[in-house]
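Notes for the one structure printed next.
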Amino acid sequence: MKNLVSALLLCCACAAAQTPSAVAIRNAKIVTVSGPVISKGTVVLRNGLIEAVGENVSIPADALVIDGEGLTVYPGLIDGLSTWGMPGTAAPAVTATAGRGGRGATPTPAATTTPAPPPARGPEDRPSTTSWLKAADEVQPTDRRLESGRSAGYTTAVVFPTRGFFAGHGAVLNLAGEKPGDMVIAPSVGQYISVAGARGFGGGFPSSLMGAIAYIRQIYLDAEHYALVKQAYERDPRGMKRPEYDRALEGVLESKRILLPANRETEMDRMLRFAAELKQPVILYGMREGFDPRAADLLKKANAPALISLKWPEKGRDTDPDEVETYRTLETRDKAPMAPALLKKAGVRFAFYSDGLEQPRDLQRAVKKAIDAGLSREDAVRALTLSTAEIYGVDNRIGSIEKGKIANLVVTRGDLFDDRTRIEMVFIDGVKHKPALEITPAGRGGAPTSGDPGDNQ
Amino acid sequence: MIKTFVAALVMLAPLGAEVTVIKNATIMTESSKGTIKGSILVRDGKIAEVGESVMVPQGATVIDASGQYVIPGIIDCHSHIAVDGGVNEGSVSVSSMANIKDVINPDDIGIYRALAGGVTTANILHGSANSIGGQTIVLKMRWGKDAQGMIFEGAMPGIKFALGENPKRAGNPTPARGAAPNTQIARYPATRMGVEDTIREAFNEAKAYKASWDDYQAKVAKGEHLIPPRKDLKLEALKEVLEGKRFVHAHCYRSDEILMLIRVADDYGFKIKTFQHVLEGYKVAKEIAAHGAGGSTFSDWWAYKAEAYDAIPYNAAIMAKKGVVVSLNSDDAELMRRLNTEAAKAMKYGGISETEALAMVTLNPAKQLAIDNRVGSIEAGKDADLVIYDKNPLSNFAKVQKVMIDGQKYFDRDNEVSGRPAKQLEKQRLIDKEKQDQQRQTDAQKKAGQGARRPQ
Amino acid sequence: MKTVGLLIAFAIAASAAANDTFLIRNVDVYPVTGAEMKGVSVLVQDGKIVDIGAKITPPKGMKVVEGKGLRVYPGMIDSGTELGLSEVSAERVTVDTGELGEFMPQLRALVAVNPESEHFPVVRANGITSVMTYPASGGRGGRGGGGGQIIAGQAALIHMAGWTWEDMEINRSAAVQINFPAIAGRGGRGGNADFPDELVALFGGGPATYTEAKRQYDAQVAKLNEFFDAARQYQKERTANAPGFRRDLKMEAMMPVLEGKVPAAVSASRERSIHDAIQFAEKQHIKIVILQPREIGKAGAELKAKNIPVILGRTEALPENEDAPYDEAFTIPAEAYKAGVKFAFGTFSNEFVRNLPYNAARAVAFGLPYDEALKAVTINAAQIWGAGDKMGSIEKGKWADLMVTTGDPLEIPTQIKYLYIKGKEVDITNKQTRLYEKYLNRP
């Protein structure tokens with residue numbers, strides 16, 4: 001009888017050969033991030049968690065063994081602010097960069113079928129506000145960027161809705177899962193706020209930056225008042241006019257921190273000051289002028305972390321040779337990749353985010369640029385793993401290779417950010433994924449491109 | 001350190017030199033002392049002494065201004081420089097919730113250029129797209145400081161109103177001939193009648209809002225525990241106007257709208273602090289003076305729109321003669337640099353004296369902004385905001401040599417000019433470096449493309 | 001004999017009483033083309049300057065103007081305006097510049113000049129006696145509208161007073177205005193807050209890439225050259241005058257240009273554009289005047305070598321980009337002078353024409369010799385537009401286009417006391433002085 005049962009179990013095990021009960025990668029170099037590098041060691045994964053990691057770890061009998069000779073294991077990379085998985089945010093297939101200098105094209109939202117709402121007449125119309133929206137509810141596991149992200153060594157992304165002044169709640173999501181629910185590590189980690197929606201006349205209120213700021217301020221005043229009224233009503237509703245349910249305010253009250261955009265140093269100053277006024281913990285995203293020493297001072301004083309865009313400012317293509325750009329533009333392009341190294345030296349917490357980059361090659365190159373500009377490889381890895389987790393308060397679960405943490409790993413042949421390095425595999429929740437071959441002609445590990453030298457600049 | 005190219009080499013006064021003496025200049029004090037030949041002692045950011053001869057303390061920095069002229073820092077009562085993300089919240093007719101203070105841009109090269117034109121303080125206003133626009137702020141041109149550092153501490157905040165064509169036009173782009181107005185995007189008001197109505201409606205609302213807050217505060221004072229009324233930023237600013245805590249600066253052209261606004265203000269019990277542009281102010285100077293408003297106008301702009309067709313360059317002179325405190329402003333980053341010669345136009349058109357003309361860009365705007373206790377004239381106790389010209393500042397042939405704000409030098413023409421080659425070199429270095437980097441990358445790519453295909 | 005003498009005496013007496021004949025005495029004369037003369041007299045007869053000297057005795061009955069304490073200069077000339085063609089720039093119905101059509105050399109600004117325009121008396125009051133008025137906004141796509149025009153029409157040199165435009169005409173076709181194609185930039189500058197950004201946002205935003213912009217530019221230049229080639233072909237046919245030959249008005253208007261009698265007035269700001277314009281002129285063998293050049297420092301040598309005069313725009317302008325020196329616009333005239341380029345000033349905006357002398361004065365603070373500044377608003381302008389023998393300085397035989405001032409006309413507080421055009425005294429009151437009087441006296 002016991003034999004029959006074991007046989008059945010074995011068959012089941014064979015049938016489920018895709019997902020072994022345990023995996024051990026042995027004799028690999030292991031970059032734990034939370035501790036010193038293990039030059040030759042073993043990681044054991046079980047039930048989607050890291051069971052053991054170390055120099056001398058015994059390999060369980062039921063484990064699928066992966067020979068780690070010549071391989072390096074890192075914690076799975078985390079995209080610090082992402083749209084991967086959000087419907088309608090993927091960039092069009094062919095990216096022809098416009099001839100304008102500075103930042104490249106941002107993903108354009110797909111055309112919606114719903115008619116545009118009438119222009120807002122003031123803050124009471126809650127323009128471009130979907131503060132209740134949760135990325136965790138919207139994510140589409142079939143988004144091809146999840147696959148390209150994995151091929152670039154990412155296992156996780158902090159995905160946000162990004163449209164509107166109050167776009168909604170971001171979630172820490174793994175880049176694989178059968179159902180969206182499987183992917184969620186933390187469902188609500190911050191409210192994404194932007195001011196780019198203030199779009200000239202005809203678009204309703206607000207049409208200017210100061211209008212947008214006034215709107216955001218008004219929402220917080222309203223939320224504070226709303227909470228007071230709700231509280232009082234809950235204590236004793238008798239005789240009191242009931243507060244009108246306002247999901248925009250509910251969404252704002254629910255957020256534990258906010259994300260505000262800042263690229264120029266003066267914007268950092270403005271936004272940090274604003275967040276302090278709103279009494280909200282804040283993370284700044286963008287940080288193009290992060291290399292400015294004043295940026296570090298501002299962030300330290302506010303005790304705020306920063307998300308640095310990996311889309312370094314580039315010179316536009318096909319520009320007028322007669323036109324000379326301003327010194328400020330030239331200096332920013334020159335110094336932007338130095339920001340991570342300088343912020344690290346100043347002791348500022350920061351992490352990287354993809355900012356629309358999707359292709360593994362582009363992501364790798366972008367990080368390499370920061371390394372070439374002075375950021376150590378260790379710090380570069382940390383800015384894509386543990387730092388990111390810390391910023392969002394999920395470092396007790398992911399971001400490093402430690403016992404008990406989620407089994408998110410990336411395994412490479414070669415140092416993670418080198419041009420020639422190949423991503424061998426990633427593990428998400430202990431499940432192995434191999435990178436897709438030939439994602440694009442310039443995909444990592446694929447054949448070298450025979451296109452124009454200017455590609456992917 | 002990222003600071004724009006041009007100002008990178010502005011030399012601030014050396015540390016520790018909080019004492020400066022400007023010697024042997026013709027000083028146009030705009031005070032009871034009049035114009036004298038003498039010296040100014042500056043200490044700790046203030047004018048310590050002005051006189052024919054002044055004791056030079058040990059260790060003081062001495063600026064020899066022989067043959068040169070010193071005037072109080074010029075004050076531009078109407079400017080839109082140093083603003084990020086648009087000067088108009090033009091989507092709605094009443095945008096008093098918007099605040100220029102939130103979007104100060106200390107990196108605007110316009111600040112430096114204003115300095116080079118002798119301006120030390122500017123009233124930064126919201127645009128003129130709305131009957132009631134956004135909140136405004138007074139800045140000192142402290143080039144190099146951050147946004148907060150530019151704010152004129154203690155200056156009463158303001159709010160911008162706009163009458164006439166601009167608020168009408170901003171909401172209602174002219175439809176094609178024969179077509180009906182586009183009601184989809186048409187924004188009330190489309191006529192001057194509607195402008196009055198818009199302002200009255202807003203103050204009606206503000207009055208009720210104020211009443212609810214006054215009521216709340218009275219009850220709380222008596223010990224009651226209540227939920228406060230909802231704070232509405234739009235009405236809050238207007239409440240401050242009603243309480244005299246916020247100055248109204250009203251952009252206007254025609255005499256009928258100027259009078260209209262005076263009567264509206266009378267009805268609601270507040271004062272217009274300044275009429276801006278006020279190109280037909282000369283027609284209703286009597287009423288403006290009786291109301292107590294200042295008039296801040298152009299020297300000689302006219303005929304660029306219909307409501308400017310009756311503008312006359314004698315506007316300043318007539319208003320001044322009828323008892324209005326008059327200033328000349330720029331509303332323009334280019335004109336801002338030439339307010340000294342704009343003042344001379346008051347002499348040409350209407351026979352204003354040199355002292356009174358200069359007052360129109362110094363002491364008068366200071367009075368209009370209620371900062372004349374701090375700036376606007378060269379008197380002991382006031383801020384050391386001073387401008388040195390190489391010739392009489394009312395002459396077209398004069399140039400600004402040095403500008404001081406709060407006793408610190410913020411502009412020095414000699415340093416600026418001598419620093420140019422170095423700046424140019426630095427810029428060229430960056431251009432060349434980028435070219436080299438791009439070339440290197442192109443070469444590397446070519447090489448990679450020529451390499452053999454690596455196995456999978 | 002006696003009859004003749006009597007007749008002559010009668011003629012003199014008659015002309016002595018004529019309104020374009022008079023003597024100014026005890027005045028300081030600034031001829032511009034020569035040294036100043038203090039405390040002398042100027043004799044004007046039949047609208048012309050007849051004598052300047054220490055002691056001139058006026059014939060009996062001649063009007064005598066007391067010039068003690070005053071100065072007399074040639075009336076000033078603004079080489080870039082739309083006077084008479086545009087009344088209120090924001091109101092299109094009052095604006096007659098910027099017609100439709102790409103190649104319109106046959107359009108004549110002169111016939112659309114409204115002699116009653118309020119701008120004339122307003123501008124005259126500050127000593128300007130003649131101007132060039134152009135059929136299209138001078139280069140910068142201003143509020144006058146129109147655009148897409150390559151050849152805009154004929155600019156006219158006019159006096160600032162007259163019953164009709166015929167009266168005012170000095171040269172009905174002083175230049176043919178060409179808006180030379182430019183490689184499109186990436187969007188215009190923001191407007192000032194008097195015009196909400198939203199309206200200004202309608203302009204700007206050119207082609208996305210330089211390649212595309214260059215392609216468009218090349219295509220337009222090719223078109224322009226084709227037009228000139230067609231004109232040259234027409235010239236041949238016109239000379240041959242074979243039976244069946246029909247006059248074409250556009251082509252007719254091009255003949256004086258091809259013959260070198262009328263220059264093309266071409267707006268070109270940057271060195272590259274200036275160079276391209278010069279190349280074009282050489283290729284087509286025509287005379288040109290460059291309007292509103294900015295990069296004189298770089299282009300000066302070529303301009304000087306080819307003897308091409310320029311009309312400088314307002315010195316009261318901001319630098320072109322953030323890094324440019326703050327005094328960039330103030331120093332352009334000095335650069336032109338140092339390069340040996342002949343130049344005059346134009347204000348290119350009706351409402352600022354009266355400030356013409358102050359634009360010149362500002363350049364003096366930044367390196368331009370005073371005398372050059374004065375020349376650039378008087379004799380240089382006259383010479384550039386082919387009227388140098390008739391006006392622009394106080395010399396015998398020239399028209400008595402004069403301004404009598406209380407001081408240096410380049411300084412603001414100076415007043416104009418009298419103004420003469422062809423010897424006739426011109427009213428320098430205007431709508432503004434009348435409103436001044438009216439409201440000063442409001443009880």
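Reminder, nothing fancy here: chain letters follow the sequence lines and each chain counts from 1.
With respect to chain B, the highest number of heavy-atom pairs below 4.5 Å among C:Gln415, C:Glu118, C:Glu316, C:His119 belongs to C:Glu316. Note on C:Pro357, C:Ala361, C:Ala363, C:Ser349: by heavy-atom pairs under 4.5 Å with chain B, the leading option is C:Ala361. Interface remark: of the candidates C:Phe352, C:Phe330, C:Phe366, C:Phe366 forms the most heavy-atom pairs closer than 4.5 Å to chain B. When the candidates C:Val88, C:Val364, C:Val122 are compared by the number of heavy-atom contacts under 4.5 Å with chain B, C:Val88 comes out ahead. When the candidates C:Lys438, C:Glu91, C:Arg362 are compared by the number of heavy-atom contacts under 4.5 Å with chain B, C:Arg362 comes out ahead. Most heavy-atom pairs under 4.5 Å with chain C, from the set B:Gly350, B:Ala285, B:Pro313, B:Ala346: that is B:Pro313.
In this structure, B:Asp332 contributes its side chain and B:Leu335 its backbone to a donor-acceptor pair below 3.5 Å. Without hydrogens or angle criteria, B:Ser418 side chain to B:Asp414 main chain gives a donor-acceptor distance under 3.5 Å.
In this structure, no portion of B:Asp390 lies under 4.5 Å from any heavy atom of chain C. For C:Asn126, the part sitting under 4.5 Å from any heavy atom of chain B is the side chain, from C-beta outward, and nothing else. With a threshold of 4.5 angstrom between heavy atoms, B:Lys321 approaches chain C through side-chain atoms but not through N, CA, C or O. Using a 4.5 Å cut-off between heavy atoms, B:Lys391 makes no contact with chain C at all. When heavy atoms are compared at a cutoff of 4.5 Å, B:Ala311 approaches chain C solely by way of its backbone atoms N, CA, C and O. Looking at C:Asn430, there are no atoms closer than 4.5 Å to chain B (heavy atoms on both sides), in backbone or side chain. The part of B:Lys399 that comes within reach of chain C is its side chain, from C-beta onward, which places non-hydrogen atoms under 4.5 angstrom from that chain. If you measure heavy-atom distances from B:Asp310 to chain C, the contacts under 4.5 Å come from both the backbone and the side chain. Only the backbone of C:Thr414 has a heavy atom closer than 4.5 Å to any heavy atom of chain B.
Using a cut-off of 4.0 Å between Lys/Arg side-chain N and Asp/Glu carboxylate O, C:Asp327 and B:Arg420 are scored as salt-bridged. A salt bridge does not link B:Lys168 with B:Glu165: every distance from a Lys NZ or Arg NE/NH1/NH2 to an Asp or Glu carboxylate oxygen is 4.0 Å or more. Residues C:Lys338 and C:Glu335 are not paired through a salt bridge, judged by the lack of any N-O separation under 4.0 Å between the basic side chain and the carboxylate. For the pair B:Arg429 and B:Glu426, the salt-bridge criterion is met [side-chain N within less than 4.0 Å of a carboxylate O]. In this structure, C:Arg294 pairs ionically with C:Glu328, as a charged nitrogen and a carboxylate oxygen lie closer than 4.0 Å.
Between B:His277 and B:Phe298, the ring center distance clears the sub-6.0 Å criterion.
Side-chain contact, B:Ser395 with C:Glu411: a donor N or O sits under 3.5 Å from an acceptor N or O.
C:Arg354 pairs by the salt bridge (Lys or Arg N to Asp or Glu O under 4.0 Å) definition with nothing, not counting sequence neighbours.
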